[in-house]
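Data first, discussion second: the structure below is written as C-alpha cells.
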Amino acid sequence: MSDFSEGQIERYSRHIILREVGGKGQSKLLESRVLIVGAGGLGSPVGLYLAAAGVGTIGLVDSDAVDLSNLQRQILHTTADLGRPKCLSARETMEGINPDVCVVPHQCRLDSANVLNVVADYDVVVDGADNFPTRYLVNDACVMQGKPLSHAGILRFEGHVTTIVPGRGPCYRCLYPEPPPPGLVPSCQEAGILGAVAGIVGSIQAAEVLKLILGIGDPLIGRLLVFDGLEMSFRSVEIPRDPGCPVCGDRPTITAPIDYEEFCRLRGGIESNPEVQS
Amino acid sequence: MTERAPECCLDLRGTPCPLNWVKTKLRLEEMEPGRRIEVIVDQGNPERNVPRSAKMEGHRIVHAISQNGAVRICIERAEESAP
Amino acid sequence: MSTNGDLVELRLFGPLREVVGEKLVSVPYAGLTVAEALARFADEQGESVRPMLFDSRGNRLRSLILLLNNQTVDELETSRLRSGDVITVLLPLAGG
C-alpha cells in the first residue's frame, strides 16, 4: 500500500478490487514494459487501454504521420494532430490519460537490422502492423527472443486474434508458413475497415496483454479467434504448433531476422525475378 | 486463549466506498495469513460493503463494533487470498 | 445433378468471401477429399478465385488455414468429405 499514492489508489481502484489483480497485480502492470508495433487502427485501442491500465512503459513503433483518413478509426490521434508523427501524437494522448505511463516513441520502420534491438527492451509485444513484412519480422524476432506476442489482423468487418507465447504454442509462421502472394490480400486502404471493428479486435489484444502480464486466465495460445462483425460472431479455432516451423520448430532454419523481400526470394522467387535486390 | 490483537488500524472514516475497501485490501495483501487488521469505517454503506467485500475474498470478520457513529471492523487475513 | 445428400458447405472469410460474394456456399462435394474439393471449387469459380487458393504452378497456397468442421485437417489428400461437413478457408489479414 505504501507504494501507491492516494491518486493511484483511486485511479486503479477498479483493478485493485478485482481478486485476480489486487495491489500486487497493479504493481506488476506499473513495472511492465510493452511494445506496440503500429499506432494505427489496432494500436490505438491497445495503447489507450494499456495506458489507462497503468502499464508503466509503452514503446510505440510507427514511422507515419497522422493523415485525415486515419481518424475514422485511429482514436489515439485527433484532428489537431494532422501531419504530426503518429508516435508523438499517440504519446501525448496516452500520457494525457495517465501520467504514470512513460511512452517511448520509436519513429522508425522495423527491419532485420533493428528489430531485435527494439524488441529486446520489452516484456510483451503487440502486433498492430498494417503489412505482412512487418508481421513476419515481429513474429520471428519475438520467437528468437522468447517474447510473448499478441497478434491481430483486420480487414473490412473481420478480425483475427491470437496470442503467441514461444515454447507454449504455435507462432505466426505455424499458422501461415508463408505470406500470401503480393496483392492477393488487400489492405484496409484498398478494401476498407469498419472503425469499430478495429476497436473490438484491438481491445481483445489489450485484454490479452494485461492477462499475460498479470499471469491470469487462459490466453489465446494455440487458438485463433475469428471475429465476423457482420454476423457479430466469434469463432475460436484450435491451431497446433508446427514441429517443422522454420522459426519455432524443432530444427529452425530461420535463426536471424530476415526481411520480407529476402524471404520471398528464398521461397522460389529467384527464377521468377532474378534481378530484384532488396 | 487470548484474542490476537489487530496488527494495525486503518481509520477510514470519511473515505467513501469502494475506496475504503481498496485501502483495506491493499493493507491485507501485505499481511501474513492469519494476522488481523482493524478498520474504522462510517456507518451505513461502508459498514455493509467493507465486510461483504472482505468475505468475498475469503477473509474472516472477527467482529464489528458500532461506536460513536462509526464501526470498528476486525478482519483476519485469509490463508491464501489469491484466486 | 446433386441431391442434398452430397452437400458440404464452404465457409469463406476475408478476400475470398469478397470475391465469391457469399460467406457460406453449399457444394455437392461429399465423397471428395478436402484437396479435391478445393481444386473443384477453384475450377468452378474461375480465375478470380483460383489465385486465392493455388499458386501459378497449381500448388495449394501455404498461406491458407483449412479447417474441416472447425478442426485443422492433417490429411487433406485422404480425408473424404461427408454430407454436412463444413470446410472453412481462412487467409491471413494484413490490416492493422
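Computed from a prediction, not measured in an experiment: that's the story for all the values here.
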### Task
Just give me the residue among A/Val37, A/Leu184, A/Val226 that pairs up with chain C most often, heavy atom to heavy atom, under 4.5 Å.
A/Leu184
### Task
Report, as yes or no, whether the 6.0 Å neighbourhood of atom CD on A/Gln107 holds more than 12 heavy atoms from other residues, nucleotides or ligands.
yes
### Query
With chain A, which of C/Pro15, C/Pro92, C/Ser56 has the greatest number of heavy-atom pairs at distances under 4.5 Å?
C/Pro92
### Query
For C/Ala94, does its backbone N or O pair with a side-chain atom of A/Arg135 as donor and acceptor, under 3.5 Å?
yes
### Task
Any chance you could measure C/Leu93, atom CG, to A/Phe132, atom CZ, to the nearest 0.5 Å?
7.0 Å
Between side-chain atoms of residues 41-51 of chain A and protein atoms elsewhere (two or more places apart, or another chain), which donor-acceptor pairs fall under 3.5 Å?
from	atom 1	to	atom 2	distance (Å)
A/Ser44	OG	A/Gly40	O	2.8
A/Ser44	OG	A/Ile75	N	3.3
A/Ser44	OG	A/Leu76	N	3.2

### Query
Backbone N or O of C/Ser63 within a donor-acceptor pair of the A/Glu178 side chain at under 3.5 Å?
no
### Message
Between A/Glu158 and chain C, with a heavy-atom cut-off of 4.5 Å, which part of the residue counts as in contact: side chain, backbone, both or neither?
### Response
both
### Task
Spell out the residues in residues 42-54 of chain C that have some non-hydrogen atom less than 4.5 Å away from a non-hydrogen atom of chain A, in order of number; otherwise answer 'none'.
C/Pro51, C/Met52
### Among the listed options A/Ala129, A/Gly128, A/Pro186, the residue most often paired with chain C at heavy-atom distances under 4.5 Å
A/Ala129
### Query
Is any NZ, NE, NH1 or NH2 atom of the basic residue among C/Arg11 and A/Asp228 found under 4.0 Å from an Asp or Glu carboxylate oxygen of the other?
no
### Query
C/Leu90 versus chain A, heavy atoms under 4.5 Å apart: side chain, backbone, both or neither?
both
### Separation between CG of A/Leu224 and OG1 of C/Thr72, rounded to the nearest 0.5 Å
11.5 Å
### Message
For the CZ atom of A/Phe157 and the CZ atom of C/Arg17, what is their distance to the nearest 0.5 Å?
### Response
10.5 Å
### Contacting region of A/Val201 [heavy-atom separation from chain C under 4.5 Å]
neither
### Task
Name the region of C/Glu18, side chain, backbone, both or neither, that has any atom closer than 4.5 Å to a heavy atom of chain A.
side chain
### Query
For chain C, which residues of residues 229-237 of chain A have at least one non-hydrogen atom nearer than 4.5 Å to it?
A/Glu231, A/Arg235, A/Ser236, A/Val237
#### Entry: Heavy-atom proximity to chain C below 4.5 Å, by part of A/Leu175
both
### Summary
One should read off an interatomic distance between C/Leu91 CG and A/Tyr176 OH, to the nearest 0.5 angstrom, of 7.5 Å
### Message
Can you pull out every salt bridge (charged side-chain N to carboxylate O under 4.0 Å, His left out) where at least one residue sits in residues 180-209 of chain A? Sequence neighbours excluded, please.
### Response
A/Glu208-A/Lys211
### Within 6.0 angstrom of C/Arg80 CZ, more than 12 heavy atoms from elsewhere
yes
